[in-house]
Number of protein chains: 2
Amino acid sequence: MSQSAVEPTDRKILQLLAEDGRMSFTDLGKATGLSTSAVHQRVKRLEQRGLIQGYGATINHADIGLPLAAFISIRPIDPSQPDDCAARLEHIPEIESCWSVAGEESYVLKVRSTTPAALEDLLARIRSAANVSTRTTIVLTTYYENRPVTGE
Amino acid sequence: MSQSAVEPTDRKILQLLAEDGRMSFTDLGKATGLSTSAVHQRVKRLEQRGLIQGYGATINHADIGLPLAAFISIRPIDPSQPDDCAARLEHIPEIESCWSVAGEESYVLKVRSTTPAALEDLLARIRSAANVSTRTTIVLTTYYENRPVTGE
DNA sequence: TTTGAAAGCGTGAATTC
DNA sequence: GAATTCACGCTTTCAAA
């Protein structure tokens, strides 16, 4: 697997872009003491190496009609069946994240929904798509989410 | 509280920026059938209204030396104490997300760490900072994370 | 890694609908 | 109120060194 030691300058660039994904190459240059084209090349290389996987805007879901967030922990009903939950659930748009985990359950999903009724419907779709039982934990308050964690 | 019905064009802009946070105003204009300055104004308004909370790069944590991810569910040891866990934990840099939840535990944290030993140390810091007991669920595989969920 | 040049983009003001 | 056009300056991008 990967991991080829990230240079201090590249680390700095990653950190800056994690905090402000729209920062210009000019400003990245000023912040790192490099020329615009030098950072430009480094960023392109970081993208190619897969260290930068993409860029996104952080959306206020509560204000665009998706006020309900929840964690859904799932376990297979028939443990002898092939364990392909991730693939079976991929098409469901309300699923924001999908992790397999070590613990009482096999997977944890994070989902967004409009209303309790819509969440109930979503649960039914998840159960039937993946043949699993579910345990749902409703999010009450999001204090923060996806803070940049870059180490050091 | 907020929620003032998001216009179809604004919805489209939010969706496009959620998928590519570095998309240019020119391209946003082409994709929405508006002039560059029209989208520019709309994006500025979406930022002011707080519907766009920021922009970030998605980093491959495994490859920058943070291969361990985990969920930490916590419950207060002394339920009579004020419930200010989020504030007490905010300074810990390994905590990527912090939610209060309805369920057996009061909070769920998502953390990133380097090694099992570093995770053990992190758990100790969390317990002593917030006076809580913890239950840790290690992430084995991240199938996907923070997919754009914009509804409709 | 830098420089330099061309193309493209962001930004604001004036204008129109 | 919101969209467009135009113009200026800055940013991106690529070649060459």
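As the structure is a prediction and not an experimental result, all values here were calculated from the model.
- Rounded to whole Å, the distance from OH on A:Y55 to P on D:dT12 is 11 Å.
- Closest to the side chain of B:S37, from the set D:dA3, D:dT5, D:dT12, is D:dT5.
- Taking the six-membered ring for Trp and thresholds of 30 and 60 degrees, B:H40 and B:F25 have ring planes more than 60 degrees apart, a perpendicular arrangement.
- Look at CZ on A:R22: it is 10 Å from P on D:dT12, rounded to the nearest Å.
- At a threshold of 4.0 Å, the pair B:R135-B:E104 does not count as salt-bridged, since none of the basic side-chain nitrogens sits closer than that to a carboxylate oxygen.
- Distance B:R42 CZ to D:dT4 P: 9 Å, rounded to the nearest Å.
- Ion pair B:K110/B:E96 flagged as a salt bridge, since at least one NZ, NE, NH1 or NH2 atom sits closer than 4.0 Å to an Asp/Glu carboxylate oxygen.
- For the pair A:E47 CD and D:dT12 P, the computed distance is 12 Å after rounding to whole Å.
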Test log, rule salt bridge (Lys or Arg N to Asp or Glu O under 4.0 Å), inputs A:D83 and A:R88: CA-CA 10 Å; A:D83 182 11; A:R88 286 164 167 278; over 6 Å; no
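- Nucleic acid contact class of A:T26 (heavy atoms, under 4.0 Å, all strands): sugar-phosphate only.
- Note: CG (B:L28) to P (D:dA3) measures 14 Å, nearest angstrom.
- For the OP1/OP2 pair of D:dA2 and a distance below 4.0 Å, the side-chain nitrogens and oxygens of B:R45 include at least one atom meeting the criterion.
- The interatomic distance linking A:F25 (CZ) with C:dG10 (P) rounds to 12 Å, in whole Å.
- Residue B:S35 is in base contact, counting any heavy-atom pair closer than 4.0 Å across all strands shown.
- Taking atom CD of A:Q41 as the reference point, atom C1' of D:dA17 lies 13 Å away to the nearest angstrom.
- In terms of phosphate contacts, A:H40 brings a side-chain nitrogen or oxygen within less than 4.0 Å of OP1 or OP2 of D:dT13.
- When rounded to the nearest whole Å, the span between CD of B:E7 and C1' of D:dA3 equals 12 Å.
- No hydrogens or angles were tested; on distance alone, nothing pairs the side chain of A:T36 with the base of D:dT12 as donor and acceptor under 3.5 Å.
- Checking side-chain atoms of A:R22 against main-chain N and O of B:G21 turns up a donor-acceptor pair under 3.5 Å.
- The base of C:dG10 does not come close enough to the side chain of B:S24 for any donor and acceptor atom to sit less than 3.5 Å apart.
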